[in-house]
Each structure stands twice: as structure tokens, then as C-alpha cells.
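To start, the structure itself, in C-alpha cells.
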Amino acid sequence: METLLWLCNWSTLLVCAALKLPQISAVLGARSSRGISLPSLLLELAGFLVFLRYQCYYEYPLLTYLEYPIIIAQDLILLLCVFHFNGDVRRAAPYIITCVSAWFILTLQQWILDLAMNLCTFISAASKFAQLQYLWKSRDSGAVSALTWSLASYTCAVLIRFVIMLALNIWVTATILHYRKTDIKSE
């Protein structure tokens, strides 16, 4: 059992180290952020930020949350890419300032951090629903990476407490693939 836990922890960490790279690559390759929901990305970033701050504040062992700083860095790069391809990188500044401010605000009072952590699953779920809503509305997965969402599904499957996120990530992946426009048909 200990070996299985070790394997799950390290495989999750490795997957998270590359989690957003396929998405960043897809956006850079397409030179477009079409299909990516900005509210979804911001909610996801908020959820990761709260979780990381909680783990740091309560001094959990580093290996229990090491993937979060890596994912947050990747999300910030993706956020800059989204704003770049939407035509104005400077519009990202207020969001980044908000993230930095939130880092400190969360620990002004212990109850703020505890409340935010209790809302973390709802924030993460809202992120998935925002992406799904965007895909349903546009009926186009654009530059959204199915590989990134599949990797996210794997990390949720390994971490049992994220069962809800697993289902939602699979749902987003299926929706992306459903709306995927193939260039093969046009050739």
C-alpha cells in the first residue's frame, strides 16, 4: 500500500509539472486562445491559490502540495497568453495584482483562509462549469487542449478527494472532443 501511495503521489506531481504545457503549446501553436474561458481560468487559478496558501499557512509537508506552485505558474503563463492573443497583455495586470493581494488577504484572519478553503471545491467546480458553458455556447473547442484536460482528469482520479473534479474534467474533455473540428474532413 505504501508503494502504491508513493507511486500515486509522484505520478501526480510529474503529471502536474506538465499539466498546462499542452494547453500553452496549443494556444501558441494556434496563435489564438479561442475556446478558452477566461472566467474558468481565473476561477481555477483562485482555487489553486487558496489551496496553496492553506497548505503553506498550516505548514503541511511540501510534498502534499508541491504541484500547486507549478500549476499556478503555468496558469499565469496561460493567462498572459490568453490576453496576448486577445490583443492586450496589459489587461492581465489587474488579475495578477488581485492574485498577489489575495495571497496576503487570505491570512489576515484565520477564518478567512478556512472559509476560502471550504469553498475551494465549489470554486474549482465553478471553473469547470464555466469552461463547459463556454464550449456549449460557442460549440467550438478552438485551441483548448484535450490532453491538458485528460491529464487533469488523471490527477483527480489519483487524488480520491477530487472525485467531483474528475467527473467534470472528463465532461469538459468529452465536450472538447465533441466540438473538435477536424482539418482532415476539409482536406
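Fair warning: this is a prediction, and the values are worked out from it, not measured in the lab.
- To the nearest 0.5 Å, the span separating OG on Ser124 from CG on Leu119 amounts to 11.0 Å.
- Of the possible donor and acceptor atoms, none in the side chain of Gln55 sits under 3.5 Å from a partner among the backbone N and O of Leu62.
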(request) Step by step, work out the side chain to side chain contact (heavy atoms under 4.5 Å, CB included) result for Cys16 and Ile70. (result) CA-CA 7 Å; Cys16 286; Ile70 297 166; 5.7 Å; no
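- In this structure the side chain of Tyr65 never reaches within 4.5 angstrom of the side chain of Phe48, judged on heavy atoms.
- Of all heavy-atom pairs spanning Ser153 and Asn169, the tightest one is OG-CB, 3.1 Å.
- For the atom pair CZ (Phe122) and CZ (Phe129), the distance works out to 11.0 Å, reported to the nearest 0.5 Å.
- Distance check, rounded to the nearest 0.5 Å: SG of Cys99 to CG of Leu42 gives 7.5 Å.
- In this structure, Glu67 contributes its side chain and Leu13 its backbone to no donor-acceptor pair below 3.5 Å.
- When side chains are defined from C-beta on, Tyr54 counts as touching Tyr60, because their heavy atoms get closer than 4.5 Å.
- The two residues Gly47 and Cys120 make their nearest non-hydrogen contact at O-SG, 3.2 Å.
- Side-chain heavy atoms closer than 4.5 Å link hydrophobic residues (I, L, V, M, F, W, Y) into clusters, and following such links, even through other members, never connects Leu177 to Leu147.
- The closest side-chain heavy-atom distance from Cys56 to Leu52 is below 4.5 Å.
- Shortest non-hydrogen contact noted between Arg180 and Val144 is NH2-O, 2.8 Å.
- For Ser40 (side chain) and Ala130 (main-chain N/O), no donor-acceptor pair under 3.5 Å exists by modelled atom type.
- When all heavy atoms of Cys81 and Leu28 are compared, the pair lying nearest together is SG-CD2, 4.0 Å.
- For the residue pair Leu78 and Leu41, the shortest heavy atom distance occurs at CD2-CD1, 3.9 Å.
- Side-chain contact check for Gln109 versus Ile112: some heavy-atom pair is nearer than 4.5 Å.
- By the side chain to side chain donor-acceptor pair (under 3.5 Å) test, Ser32 pairs with no residue at all, sequence neighbours left out.
- Rounding to the nearest 0.5 angstrom, the gap separating the OH atom in Tyr68 from the CZ atom in Phe51 is 4.5 Å.
- Side-chain contact between Thr175 and Ser141 is absent, with no heavy-atom pair separated by less than 4.5 Å.
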(request) Report the C-alpha distance between Val89 and Leu80 in whole Å, list the side-chain angles of each, state the deciding distance to 0.1 Å, and finish with yes or no for side chain to side chain contact (heavy atoms under 4.5 Å, CB included). (result) CA-CA 6 Å; Val89 173; Leu80 291 173; 4.1 Å; yes
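- Residues Phe83 and Tyr95 bring their aromatic ring centres within 6.0 Å.
- Judged by distance alone, with hydrogens and angles left aside, the side-chain atoms of Ser11 form a donor-acceptor pair with the main-chain N or O of Leu7 at under 3.5 Å.
- Under the 4.5 Å side-chain heavy-atom criterion for ILVMFWY residues, a single connected hydrophobic cluster contains both Leu38 and Ile36.
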(message) Please evaluate residues Tyr58 and Asp114 with respect to the criterion side chain to side chain donor-acceptor pair (under 3.5 Å), reporting the C-alpha separation (whole Å), side-chain torsions for both, the decisive distance (0.1 Å), and the verdict.
(response) CA-CA 10 Å; Tyr58 285 107; Asp114 292 341; 2.7 Å; yes
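- Annotation: side chain of Leu79 is in contact with side chain of Ile96 (closest heavy-atom distance under 4.5 Å).
- Leu63 is listed as a side-chain neighbour of Trp10, based on a closest heavy-atom distance under 4.5 Å.
- Criterion: ILVMFWY side-chain heavy atoms under 4.5 Å apart, direct or through other members. Under it, Leu19 and Leu14 are not part of a common hydrophobic cluster.
- Leu43 is not connected to Tyr134 by any chain of hydrophobic side-chain contacts under 4.5 Å among Ile, Leu, Val, Met, Phe, Trp and Tyr, and they are in different clusters.
- Residues Ile105 and Ile97 fall into different hydrophobic clusters, defined by Ile, Leu, Val, Met, Phe, Trp and Tyr side chains chained together at heavy-atom separations under 4.5 Å.
- Side-chain atoms of Gln23 come within 3.5 Å of backbone atoms of Ala143 as a donor-acceptor pair (strictly under, hydrogens ignored).
- At a threshold of 4.5 Å between non-hydrogen side-chain atoms, the residues Glu44 and Lys128 count as touching.
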(request) Let me see the working for Arg34 and Phe85 under side chain to side chain contact (heavy atoms under 4.5 Å, CB included), right down to the final yes or no. (result) CA-CA 9 Å; Arg34 195 179 89 240; Phe85 290 116; over 6 Å; no
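- With values rounded to the nearest 0.5 angstrom, Leu113 atom CG is found 10.5 Å from Leu108 atom CG.
- Contact detail for Leu106 and Ala116: the closest heavy-atom pair is CD2-CB, 3.6 Å.
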